[in-house]
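Remarks on the structure that follows.
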Amino acid sequence: MKYEFTHIEKKWQDYWQRHATFRTEVDERKKKLYVLDMFPYPSGSGLHVGHPEGYTATDIFCRFKRMKGFNVLHPMGWDAFGLPAERYAMQTNIHPRITTEENISTFRRQIKLLGLSYDWSREVNTTDPAYYKWTQWIFLKLYNSWYDRRVEKARPIETLEDELALEGTRNVDVPAPFGPEDWKKKGKKEKHDFLARFRLTYVAEVPVNWCEGLGTVLANEEVAEWTEKGYTVERRPMKQWMMRITAYAERLLQDAESLDWPVSTLEMQRNWIGKSEGAEIEFPVKRSNDRIKVFTTRPDTIFGATFMVLAPENPFVLRVTPNDHVVEVTDYQKQASKKTEIERGAERGKSGVFTGGYAINPATKKEIPIWIADYVLMGYGTGAIMGVPAQDERDWEFAKTFGLDIIRTVQPPAGFQGKEYLGDGPAINSGLLDGLHIEQAKKRIIEWLEQEEWGRRAVTYKLRDWLFSRQRYWGEPIPIVHLEDGTMKPLKDAELPLELPELEKFQPSGTTESPLALATDWVNIVDKDTGMKGRRETNTMPQWAGSCWYYLRYTDSENAKEFCSGEKEKYWMPVDVYIGGAEHAVLHLLYSRFWHKVLYDLGYVSTKEPFLKLRHQGTILGEDSRKMSKSRGNVINPDDIVAQHGADSMRLFEMFMGPLEDVKPWSTKGVEGVFRFLNRVWRLYVAEDGKRDPSISDIQPDGSFERLFHQTVKKVGEDVASLRFNTAISQMMIFVNEATKLQKRPRALMEQFVLLLSPFAPHIAEELWQKLGHTNTLAYEPWPVFDATKVVEDTIEVVLQVNGKVRSRVLVPMNTPEDELEDLALKDDNVRRHLDGGRIVKKVVVKNKLVNIVVAR
RNA sequence: GCCGAAGUGGCGGAACUGGUAGACGCGCUGGACUCAAAAUCCAGUAUGGCUUACCCCAUGUGGGGGUUCGACUCCCCCCUUCGGCACCA
């Protein structure tokens, strides 16, 4: 009987669905395991072969663990908000909800064809109001929280209000302190504005990449893409929603150390957070009481600071600029503001203008000129630097361009020909630091700065607050109302979800607002509590929002009262294994960790980190080893593969191609190879009449076949546990090759082998299991165990070497003693030929491995 | 430029803590079955040499050095590819 994969796969997929085979519930008696795939954005082009790679890997792992007795949570859902559906709506006026639904249906159908053991009852969809209700709820939790530095955690904003009313800002670090009476005297708006400076979600005027053509702001990484397509992107300050992720910089950095993640991903996150340690130093402005703060990692070089540079946007710029320089300075500021950050970075050489103002170097007491230049960024440190050309490449270049003084304060080694010197050496021209090396000099100068009150030890991070608003329709509405008194009012929990309004026509608003601004009935409201007129926030959330917490929703996806119940969260979290693309190494994985920590601080989740073990699947390239793309015509469609060779072959091949994390090219021949393998398996078990093959019977296995069986159980189990699927499949192929050679096949072992194969090729395995006489699914059969004593070979080949080169091999019983091995080597003809009468200097004997005889001539 | 990962047959890849390099699969070659083909099965397959049976010898894991009885594996230098960052003071 032929291997009718199409029929078999349909049959078992129906069976699993009918019997809810993979439905999971909390079960305190069983050990839980949470295995998660990064959920896909359901694009219009359907699934590509890259998706099933990760999904198959997690599926094999889940099926294996279920058989090992674990209670496995393995869900799937849709990250369905996003720009493509909205752009399509603008062209066709078809509601994004409709396109999204269609795309989801396609994806769901395609994924189901692969026989993945998801608990579909937990499916989530980020665009479903029942889901985004809780995205909005979490947004409000952040809005209504502040980060308390004293305890290093987020707390409800009321705790800050209470504290201000009780003791003012005595224990809170603010520029303008006040007492409890002052707080009580403040008006509503004043209090509102003050608190806004603490909230984890806040509105700020920030320079963004505004694209008029698209009617939205773009992320820095999106700018290049659209400018290439002919759109113009300009830098302009706009009011945007921000999330105070910077408050968590240190914890995001520290807690990453405990994670079992790819080193490269951890490294990328570390670089993204970009911690650097140094000092803040205040430079007094000449003839003024102002002090300009700079950040430096090299406070030891302060004696070489011969100028100062401010970012063009630095608010001090105009305060230090005398009237006769204002024109040049403002001109420069204007130019700089137009450039995007990419353009600023791409420019070779240094530009800048002298402000006409001077500061006093607190170490040398000398006057140094204050310049502005766009190589100094407002978003990092204090937006101002001390220029130390002798010990900094950029400052050197700047000083050379504008003819500024250069004073070496670290002695370069003799014969040093370079420009700036970044290496270590004794300090020179540095007063109290002279002779000290960098580390000591840093320590000494910081002590001095702190003592003289010119500065202090400081840490800064590259990480910036998260720009959270998008001027788009197809995203979660931000649940905030702007009242006519200038304050903002968050919606109450009972008012959630705030659903997207229906629109007549999908088009940009024509202003800097999102298309939501066109839904005037929705936008304009009257506040029930105060009777004030109000306007709803028209920005929506970025696509990251929904994916920031979806793993929590899976634990309790039907819950209408909570985002998930504490009990279920405690049982299932954290995610034990998380698999997805490396393209999310930073943003998604950092944003999720951030939200998770906020929820942790507020007591809503029980773990500090959401994802314990993370692995990325490597990209699958086209057969030509190039990236798959429509234009290259090398795209492989999973539907075709499933139709031609079946889902089991598809799954098996994707896992057999190579290590999960590697980038690897598709191979049609390779699929045929694993398809042949499955056919061989089939013929091993099934006779022409469709019944169990008569070669399978209750006989005692012969020793070597039994050994191979135990070796296979061991290898497959270990490999699956460590996600090395390619080598597990190799071992199964070896087993099948041997089994094929046998006339009579021992039923017990053959049955167990079906169980080994089942996580990889579940459909054929279920069918064979049934043909072997079982009536239930094998999904919960116990995973085969191996007998360690039966794994070891009784005869083993030992290598005989002379001077490290293999000269002969002998078959000996396992654990033949060393001296016997040595004798065998010395008696061996070819070994003796190579000894060639030389003097034996050394004999190395490794039991069960080799004998190496070292001779001198 | 900086950070990270990786370079093994014609191809995808294997080799656990240094101990038989090339498992398994693809491809290729030869054979069996067949009128023939497909499918299937069997055998061979790193490169070169010598014999021209089996053998045996040399070379071989990006290149060059080193440590070691012994290195794909450890150390140093260099090259290439991929991923990320990019004036972060």
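Chain letters run A, B, ... following the sequence lines, proteins first and then strands; every chain starts at 1.
In this structure, A:K669 does not reach the B:rC26 phosphate: none of its side-chain N or O atoms is under 4.0 Å from OP1 or OP2. At the phosphate of B:rC56, neither OP1 nor OP2 sits under 4.0 Å from any side-chain N or O atom of A:H834. When the side-chain nitrogen and oxygen atoms of A:R683 are compared with OP1 and OP2 of B:rC41, one or more of them lie within a distance under 4.0 Å. Taking only side-chain nitrogens and oxygens, A:R676 never comes nearer than 4.0 Å to OP1 or OP2 of B:rA38.
Map A:M268 and A:G670 each onto its nearest nucleotide of RNA chain B; the residue landing nearer the 5' end is A:G670. Mapping A:M733 and A:G383 onto RNA chain B via the closest heavy atom, the residue that lands nearer the 5' end is A:M733.
Taking A:F295 as the reference, nothing meets the ring pair (Phe, Tyr, Trp, His ring centres under 6.0 Å) condition, with sequence neighbours excluded. Scored by the ring pair (Phe, Tyr, Trp, His ring centres under 6.0 Å) test, A:H645 finds A:F675 as partners (sequence neighbours excluded). Judged as a ring pair (Phe, Tyr, Trp, His ring centres under 6.0 Å), and not counting sequence neighbours, the contacts of A:F402 are A:W371, A:F398. Taking the ring pair (Phe, Tyr, Trp, His ring centres under 6.0 Å) definition, one finds that A:Y332 meets it with nothing, sequence neighbours left out.
Between A:E397 and A:K400 there is no salt bridge, since no side-chain N of the basic residue sits under 4.0 Å from a carboxylate O of the acidic one. Using a cut-off of 4.0 Å between Lys/Arg side-chain N and Asp/Glu carboxylate O, A:D829 and A:R807 are scored as not salt-bridged.
Checking A:T460 against A:Y380 by side-chain atom types alone, a donor-acceptor pair falls below 3.5 Å. Side chains of A:N830 and A:R833: a donor on one and an acceptor on the other come within 3.5 Å. Residues A:E793 and A:Q711 have side chains that bring a donor and an acceptor to within less than 3.5 angstrom of each other.
The nearest whole Å value for the distance from the CG atom in A:L422 to the P atom in B:rG1 is 16 Å. Rounded to an integer number of Å, the gap from A:K275 NZ to B:rC85 P is 23 Å. At whole-Å resolution of the value, CD1 in A:I729 and C1' in B:rC26 are 14 Å apart. For the pair A:H645 NE2 and B:rC26 P, the computed distance is 12 Å after rounding to whole Å. If you take NZ of A:K462 and P of B:rA86, they are 7 Å apart, rounded to a whole angstrom. The interatomic distance linking A:M1 (CE) with B:rU40 (C1') rounds to 19 Å, in whole Å. Atom-to-atom, CG of A:N679 to P of B:rA39 comes out at 12 Å; the value is rounded to the nearest Å. Atoms CD (A:E420) and P (B:rA89) sit 15 Å apart, rounded to a whole Å.
Within the 4.0 angstrom heavy-atom criterion, base atoms lie near A:V376. Within the 4.0 angstrom heavy-atom criterion, only backbone atoms of the sugar-phosphate kind lie near A:T296; the bases stay farther away. Contacts of A:I734 with the nucleic acid, taken as non-hydrogen atoms under 4.0 Å apart, involve only primed sugar atoms and P, OP1 or OP2. Nucleic acid contact class of A:G274 (heavy atoms, under 4.0 Å, all strands): none.
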Taking N or O atoms only and anything under 3.5 Å, show me the protein contacts with nucleotides 30-34 of chain B, one pair per line.
none

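For the P atoms, the distance linking B:rC85 with B:rG27 amounts to 40 Å, nearest Å. When the P atom is used for both B:rG7 and B:rA15, the distance is 12 Å, rounded to whole Å. Taking the C1' atoms as reference points, B:rA32 lies 16 Å from B:rA38, given to the whole Å. Distance noted for atom C1' between B:rA37 and B:rG22: 35 Å (whole Å). Look at the C1' atom in both B:rC87 and B:rC82: the space between them is 26 Å, to the nearest Å. Rounded to the nearest Å, the gap between the C1' atom of B:rU17 and that of B:rC26 is 32 Å. Remark: the separation of the P atoms in B:rC79 and B:rG64 is 15 Å, to the nearest Å. Straight-line distance between the C1' atoms of B:rA71 and B:rU61: roughly 11 Å, to the nearest whole Å.
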Sequence-aligned protein contact record of nucleotides 3-21 of chain B, with B where the base is within under 4.0 Å of a protein heavy atom and S where only the sugar-phosphate is: SS-------BSS----BB-
Contact state string [nucleotides 42-54 of chain B, B base, S sugar-phosphate only, - no protein heavy atom under 4.0 Å]: -------------
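When base pairs are accepted only as Watson-Crick or G-U wobble with both N-N or N-O distances under 3.5 Å, RNA chain B takes part in stems of 3 or more pairs at B:1-7 with B:79-85, B:10-12 with B:24-26, B:27-32 with B:40-45, B:46-49 with B:56-59, B:62-66 with B:74-78.
Side-chain atoms of A:N271 and A:V586, non-hydrogen and from C-beta on, never get closer than 4.5 Å to each other. The shortest distance between side-chain heavy atoms of A:F303 and A:I445 falls below 4.5 Å.
Glycosidic conformation of B:rG9 is syn; the angle stays within 90° of 0.
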Which pairs of donor and acceptor atoms, one on a side chain in residues 816-823 of chain A, lie under 3.5 Å apart (sequence neighbours left out)?
unit_1, atom_1, unit_2, atom_2, d
A:T816, OG1, A:P813, O, 2.5
A:E822, OE2, A:K843, NZ, 2.9

Cut-off 3.5 Å, no hydrogens considered: what does the side-chain donor-acceptor table look like for residues 650-658 of chain A, sequence neighbours left out?
unit_1, atom_1, unit_2, atom_2, d
A:R651, NE, A:F760, O, 2.9
A:R651, NH1, A:D59, OD2, 2.9
A:R651, NH1, A:L114, O, 3.1
A:R651, NH1, A:G115, O, 3.1
A:R651, NH2, A:D59, OD2, 2.7
A:R651, NH2, A:P759, O, 2.8
A:E654, OE1, A:E53, N, 3.0

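Residue side chain A:K843 does not reach the base of B:rC69 through any donor-acceptor N/O pair under 3.5 Å, judged by distance alone.
For the pair A:D828 and A:S808, the tightest heavy-atom approach, listed with the atom from each and the gap, is OD2-OG, 2.8 Å.
Residue pairs that meet the salt bridge (charged side-chain N to carboxylate O under 4.0 Å, His left out) test with at least one member in residues 377-392 of chain A, sequence neighbours left out, are A:D392-A:R394. Counting only residues at least two apart or on different chains, the salt bridge (charged side-chain N to carboxylate O under 4.0 Å, His left out) pairs with a member in residues 723-738 of chain A are A:D719-A:R724, A:E738-A:K741.
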